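Worksheet for the structure shown next.
As the structure is a prediction and not an experimental result, all values here were calculated from the model. Numbers here simply count residues along the sequence, with the first being 1.
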Amino acid sequence: MKSPLLSLPGAVPAEGVDEGVAAHYGDLFREQRALADGTGFVDLSHRGVVTVTGDDRLSWLHLLLTQHVSDLPVGQATEALVLSANGHIEHALYLVDDGTTVWAHVEPGSQEALIAYLESMKFFYRVEVVDRTADTAVVHLPAGSIARAPASAAVRETPYGRDLFLPREELEAFAAEAGPAAGILAHEALRVEQHRPRLGFETDHRTIPHELGWIGTAVHLQKGCYRGQETVARVQNLGKPPRRLVFLHLDGSEVHLPPNGAEIRLADDGPDGRKIGFVTTSVRHHELGPVALALVKRNVPVDARLLAEETAAAQETVVEP
């Protein structure tokens, strides 16, 4: 979905999975500071939107997702995962129920595969799953924002701000009132600062929730069976995950940021040492400078000096070893 807000002054299109919205509008750090101060908004209209309606919507989703949603209060935001049979993360859903409909936004382009899975699990339950991406745009208002949410929007309120499920034809009018616009790069910089994982960035084909700190926020440990629960319970009760998420402070003298997938080694071993992890997301933060999230082997000492490709990095613990 290509956003009409790409016509705003200074808009520079994002690339890769975030193609379709603006990377920035001409001043990355100003946009970050605005969001941190609770002003402006982020156009996330490229994200997939899925709704579930019907009398059984919450009890049915409860059987399929990692989160406890059978008694989800109206208007209470939550997040949940869909796991493979082996416990690997396949989908991340950001949910709210408005009393008649569960609204969820997901990674761009992932909604079709998610819907196919949900449809295969309907059986006799009274539910209807619909792809609403074509008519619904996601917009993010930062924490502290006093911008008014239109009456037509479903609202998902979190500690990090409000996600609005807005009728797509209202997007331009909303932007004119809620500005200034901030690009996806500013949104990503604050996400990294907050140590929040993102599907497809902090995950690969074998990631389990424990590695990213998604236990508790997206995985409920006292709920009933769901696909992949055996792995979750086994790791929680009997072992440790093989990798852990870390926050990296990168050497600010380097011109280029290490890209997603950049190999991490112990600094004492040099650039030819054994690979112990990889960068998942790297950003330039308006206060912290160049920083990143990364996955490293669980047994890497928490005080070890690291190299991300050739860039020196100091780590902060996100997930305990």
Should Leu83 and Phe201 be counted in the same cluster of Ile, Leu, Val, Met, Phe, Trp and Tyr side chains packed under 4.5 Å apart? no
Taking the six-membered ring for Trp, are His105 and Phe165 parallel (under 30°), tilted (30 to 60°) or perpendicular (over 60°)? tilted
Got a donor-acceptor contact below 3.5 angstrom from the Arg132 side chain to the Thr51 backbone? no
Would you call Val138 and Leu166 a side-chain contact if the rule is heavy atoms closer than 4.5 Å? no
Which heavy atom in Gly87 sits nearest to a heavy atom in Ile208, and how many Å separate them? O-CG2, 3.5 Å
Any luck finding a side-chain donor-acceptor pair between Glu170 and Ser152 under 3.5 Å? yes
Starting from the C-alpha separation in whole Å, work towards a yes-or-no answer on side-chain contact (heavy atoms from CB on, under 4.5 Å) for Val21 and Met1. CA-CA 8 Å; Val21 295; Met1 303 294 297; over 6 Å; no
What is the minimum heavy-atom distance between Ile264 and Ala294, and which atoms define it? CD1-CB, 3.4 Å
If we only count heavy atoms from C-beta on, is the Val69 to His62 side-chain gap below 4.5 Å? yes
Within 6.0 Å of NZ in Lys275, more than 12 heavy atoms from elsewhere: yes
Non-hydrogen side-chain atoms of Phe41 and Leu5 separated by less than 4.5 Å: yes
What pair of heavy atoms forms the shortest contact from Ala80 to Leu95, and how long is it? CB-CD1, 4.1 Å
Using the rule that Ile, Leu, Val, Met, Phe, Trp and Tyr join whenever any side-chain heavy atoms are under 4.5 Å apart, tell me whether Val127 and Leu58 fall into a single cluster. yes
So, the side chain of Glu31 versus the backbone of Ala186: is there a donor-acceptor pair under 3.5 Å, distance only? no
Looking at CG of Leu185 and OH of Tyr25, how far apart are the two atoms once the value is rounded to the nearest 0.5 Å? 11.0 Å
Assess whether atom CD of Gln194 is packed by more than 12 heavy atoms of other residues, nucleotides or ligands within 6.0 Å. yes
Any donor-acceptor pair under 3.5 Å from Lys223 side chain to Thr66 backbone: no
Measure the OH-NE2 distance between Tyr226 and His68 for me, rounded to the nearest 0.5 Å. 11.5 Å
Salt-bridge criterion met for Asp204 and Arg243 (N-O under 4.0 Å): yes
Against His286, only a single residue in Glu193, Arg33, Gln32 fulfils side-chain hydrogen bond (donor to acceptor under 3.5 Å, both in side chains); can you say which? Gln32
Any heavy-atom pair between the side chains of Thr207 and Glu202 that's under 4.5 Å? no
Reported CD-to-CG distance for the pair Glu19 and Leu6, which is rounded to 0.5 angstrom: 9.5 Å
Might you point out which heavy atoms bring Val192 and Ala292 nearest each other, and give the distance in Å? CG1-C, 4.0 Å
For Leu72 and Gln67, run side-chain contact (heavy atoms from CB on, under 4.5 Å): C-alpha distance rounded to whole Å, both residues' side-chain angles, the deciding distance at 0.1 Å, then the answer. CA-CA 10 Å; Leu72 185 66; Gln67 189 57 274; over 6 Å; no
When you group the ILVMFWY residues by side-chain heavy-atom contacts below 4.5 Å and let the links chain together, are Tyr117 and Leu81 in the same group? no
Side chain to side chain, Val49 and Gln111, heavy atoms closer than 4.5 Å: no
Pairwise side-chain contact, Asp97 with Arg57, heavy-atom cut-off 4.5 Å (strictly under): yes
Donor-acceptor under 3.5 Å (Arg162 side chain, Ala147 main chain): yes
Charged N-O contact under 4.0 Å between Arg196 and Glu79: no
With a 4.5 Å limit on heavy-atom distance, are the side chains of Leu63 and Met121 in contact? no
Hey, any chance Leu245 and Leu266 share a hydrophobic cluster, counting ILVMFWY side chains that come within less than 4.5 Å of each other, even indirectly? no
Is there a salt bridge (charged side-chain N to carboxylate O under 4.0 Å, His left out) between Asp18 and Arg198 once you walk through the steps? CA-CA 12 Å; Asp18 289 320; Arg198 182 178 174 188; 2.7 Å; yes
With the 4.5 Å side-chain cut-off for hydrophobic clustering, are Val279 and Val300 part of the same group? yes
Could you measure the distance from the OG1 atom of Thr100 to the CG atom of Asp55? Nearest 0.5 Å is fine. 11.0 Å
Do side-chain atoms of Thr101 reach the backbone of Asp98 as a donor and acceptor pair under 3.5 angstrom? no
Side chains of Arg47 and Tyr94 in contact at under 4.5 Å (non-hydrogen atoms): yes
Does Glu112 have more than 12 heavy atoms from other residues, nucleotides or ligands lying within 6.0 Å of its CD? no
Apply side-chain contact (heavy atoms from CB on, under 4.5 Å) to the pair Trp103 and Asp163, showing each step before the final yes or no. CA-CA 11 Å; Trp103 295 83; Asp163 296 337; over 6 Å; no
Tell me whether Thr203 contacts the main-chain N or O of Gly200 through its side chain, where contact means a donor paired with an acceptor under 3.5 Å. yes
Between the side chains of Asp37 and Thr39, does any donor sit under 3.5 Å from an acceptor? no
Side-chain donor-acceptor contact under 3.5 Å, Asn86 with Ser84: no
How many angstroms lie between atom CG of Leu250 and atom CZ of Arg284, to the nearest 0.5 angstrom? 9.0 Å
Which heavy atom of Gly224 sits nearest to which heavy atom of Gln229, and what is that distance? O-NE2, 3.8 Å
Evaluate whether atom CG of Leu238 has more than 12 neighbouring non-hydrogen atoms of other residues, nucleotides or ligands under 6.0 angstrom away. yes
Reported NZ-to-CG distance for the pair Lys122 and Leu64, which is rounded to 0.5 angstrom: 12.0 Å
Ser282 side chain to Pro258 backbone, donor-acceptor under 3.5 Å: yes
When you look at Leu93 and Leu114, which way does the side-chain contact (heavy atoms from CB on, under 4.5 Å) test go after all the steps? CA-CA 10 Å; Leu93 296 79; Leu114 172 62; 3.9 Å; yes
Can you tell me if Lys2 has over 12 outside heavy atoms packed within less than 6.0 Å of its NZ? no
Surrounding CD of Glu169 (heavy atoms of other residues, nucleotides or ligands, distance under 6.0 Å), is the total greater than 12? yes
At their closest point, which heavy atom of Ala92 faces which heavy atom of Val106, and how far apart are they? O-CG1, 3.6 Å
Using modelled atom types only, decide if a donor and an acceptor are shared between the side chain of Arg126 and the backbone of Asp56 within a distance under 3.5 Å. no
Ion pair check, Glu211 and Arg244, cut-off under 4.0 Å: no
Given 3.5 Å as the limit, does a donor-acceptor pair link the side chain of Asn260 with the main chain of Thr280, or not? yes
Check the surroundings of atom NZ in Lys240: do more than 12 heavy atoms from other residues, nucleotides or ligands lie under 6.0 Å from it? no
Test ring-ring contact (aromatic ring centres under 6.0 Å, His included) applied to His249 - qualifying residues, sequence neighbours left out: Phe247
